[in-house]
Amino acid sequence: MSFAPPKGVPDYVPPRSGRLLAVRDAMVAPLRLAGYGYLELPAFEETALFSRGVGETTDVVSKEMFTFTDRGERSLTLRPEGTVGAVRAVLAAGLERGALPVKLWYAGPMFRYEQPQSGRQRQFTQVGAEAMGTDDPALDAELVALADQAYRALGLTSLVLHLATLGDPEDRAGYSERLRQWLTPRVGGLDAETDRRIEKNPLRVLDDKRPEVRTATAGAPLLTDGIGTAAKAHHDAVRQHLTDLGVPFVDDPRLVRGLDYYRRTTFEFVHPLLGAQSTVGAGGRYDGLSQVIGGPPLPGVGWALGVDRTLLALEAEAVVAATPPSTAVFFVPLGATAKARAVALVGELRRGGTSADLAYGDRGMKGAMKAADRSGATHAVVLGDRDLEAGVAQVKDLRDGSQTAVTLDTLVDHLEAQR
RNA sequence: GUGGGUGUAGCUCAGCUGGUAGAGCACCGGGUUGUGAUCCCGGUUGUCGCGGGUUCGAGCCCCGUCACUCACCCCA
């Protein structure tokens with residue numbers, strides 16, 4: 001029997017798990033300040049929702065989905081991303097007929113059957129945010145700024161925001177054809193996968209990291225030239241809003257997204273210290289998605305931030321998260337009578353909002369004090385028979401080693417006042 | 001799916017040209033019959049990833065296999 005979790009499905013245990021939680025909370029905090037409501041979504045959906053919404057030809061759908069059949073012969077899939085499910089949930093609840101834009105956030109695990117490597121697991125956690133119902137470029141900028149705010153609050157300083165526009169579908173169609181013709185004599189016949197990409201989605205060839213492909217595509221035509229006026233105006237507005245918001249970005253006309261639903265705005269937050277999987281957050285506009293899954297026209301823009309990857313980025317930058325110790329007061333009872341008293345006092349402190357713990361397992365004085373030290377508590381409370389007879393407890397300040405006797409009647413008040 | 005690297009104590013690792021396994025940290029106890037973090041002393045923990053082969057003898061060599069890891073691919 002091995003206790004290892006399934007491949008690519010990591011455990012997070014203290015103290016690292018606490019930092020992961022802190023990252024998630026930091027990502028959510030700006031959203032709460034910006035009017036985003038909470039969305040609780042299913043971890044799996046009907047397979048067809050993803051294959052249609054994300055796109056049949058994408059790698060995510062064609063080879064990375066965890067798909068299973070339930071007892072009712074329905075084909076279900078663990079969600080590989082959150083946006084499609086969020087749009088479905090909005091339509092299911094009819095939120096698009098209420099006040100617009102609908103602004104929502106969600107958080108939780110996503111699943112993709114991939115070969116694990118640094119920064120890429122089969123189960124990973126994202127915080128997502130979506131704003132649907134208007135195509136206002138100020139919303140694109142708002143979302144980007146909120147992500148930027150979260151990363152800054154966490155203390156990340158090396159992130160680079162890449163920004164691009166994919167134009168509207170008609171722009172893309174014309175560009176794809178031009179690119180296809182440009183690519184075919186240069187990288188055509190290299191391998192079957194590249195040929196397939198040239199045919200289905202030539203933009204993706206630009207994302208290839210192999211050096212020979214990189215150099216071969218260095219001078220490829222860019223989409224920027226063929227953008228329609230409406231999409232161009234939208235993009236200019238987004239750039240201007242970001243500048244007004246004080247969010248730095250770099251224009252990256254070669255930015256490519258792997259999911260089919262993106263159009264117009266796309267962006268990525270990239271961390272230079274992370275190795276191959278360096279995108280810690282990304283998103284874009286998806287104005288046609290609702291109709292693709294059978295809904296009414298419903299423009300939308302959103303992002304997903306990788307919680308685990310962001311933790312890796314923090315570790316790469318050696319940012320030490322200020323995680324306050326979970327325990328303020330630690331009891332060191334000596335003997336059964338003192339222990340019973342300590343158990344009751346700890347409960348009283350906790351009910352009053354003071355974090356408290358005690359030495360379990362009937363350890364000796366030395367061991368119990370050691371446990372007090374490790375808990376991070378600022379104060380230890382030594383309670384023995386001698387003290388109980390005198391009606392006092394010894395309160396020791398673990399930071400400077402000073403110790404005073406405090407009468408039991410006033411102990412809780414005294415400890416609460418120490419905080 | 002394809003390549004490279006690595007598997008030895010809870011963790012990080014050492015282990016020479018093959019001779020039967022070690023260190024640091026951690027943990028537990030003692031020095032201090034009621035005081036942590038420092039110091040000193042002592043102690044526990046191993047199917048050397050797994051299976052086979054070569055050999056008098058394998059942690060070390062050979063074959064297979066599994067896992068982890070990094071990279072390609074892809075992406076948060």
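By convention in this document, chain letters (A, B, ...) are assigned in the order of the sequence lines, proteins followed by strands, and residues within each chain are numbered from 1.
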**Q.** Distance below 4.0 Å between A/Gln115 side-chain N/O and B/G1 OP1 or OP2
**A.** no

Q: Using modelled atom types only, decide if a donor and an acceptor are shared between the side chain of A/Arg180 and the backbone of A/Ile198 within a distance under 3.5 Å.
A: yes

Q: Inspect the contact between A/Arg350 and A/Asp357 and indicate whether a charged nitrogen and a carboxylate oxygen are less than 4.0 angstrom apart.
A: yes

(Q) What stems show up for RNA chain B when you take Watson-Crick pairs (N1-N3 plus N6-O4 or O6-N4) and G-U wobbles (N1-O2, O6-N3), both under 3.5 Å, and require three or more consecutive pairs? (A) B:1-7 with B:66-72, B:10-13 with B:22-25, B:27-31 with B:39-43, B:49-53 with B:61-65

Q: Verify whether one side chain among A/Glu46 and A/Ser75 offers a donor that lies under 3.5 Å from an acceptor in the other.
A: no

Q. Taking only residues two or more places apart in sequence, or in another chain, which ones meet A/Tyr12 in a ring pair (Phe, Tyr, Trp, His ring centres under 6.0 Å)?
A. none

Please table the atom pairs, donor to acceptor, closer than 3.5 Å between any side-chain atom in residues 328-341 of chain A and protein atoms at least two apart or in another chain.
from, atom 1, to, atom 2, distance (Å)
A/Lys339, NZ, A/Asp362, OD1, 3.3

Q: At under 4.0 Å between heavy atoms, which parts of nucleotides 25-36 of chain B does protein reach? Answer with one letter per nucleotide, 5' to 3': B base, S sugar-phosphate only, - none.
A: --SS--B--BBB

Q) Given atom CG of A/Leu273 and atom C1' of B/C70, what is their separation to the nearest angstrom? A) 17 Å

Q) Is it true that A/Glu130 and A/Lys103 have a side-chain N and a carboxylate O under 4.0 angstrom from each other? A) no

Q | Interface with RNA chain B, restricted to residues 44-55 of chain A and to heavy atoms under 4.0 Å | A | none

Q) OP1, OP2 of B/C70 versus side-chain N and O of A/Ser118: anything below 4.0 Å? A) yes

Q. In terms of side-chain geometry, is the basic nitrogen of A/Arg172 or A/Asp168 positioned less than 4.0 Å from the acidic oxygen of its partner?
A. no

Q: Could you tell me the separation between the CH2 atom of A/Trp303 and the C1' atom of B/C75, rounded to a whole number of Å?
A: 17 Å

Identify all side-chain donor-acceptor contacts of residues 379-386 of chain A below 3.5 Å with residues at least two apart in sequence or on another chain.
from, atom 1, to, atom 2, distance (Å)
A/His379, NE2, A/Gln418, OE1, 3.3

Q: Measure distances between side-chain N and O atoms of A/Gln117 and base N and O atoms of B/C73, and say whether any donor-acceptor pair falls under 3.5 Å.
A: yes

Q.
Using the ring pair (Phe, Tyr, Trp, His ring centres under 6.0 Å) definition, which of the options A/Tyr36, A/Tyr38, A/Trp303 pairs with A/Trp105?
A. A/Tyr38

Q | Spacing of A/Phe3 atom CZ relative to B/C68 atom C1', expressed in whole Å | A | 18 Å

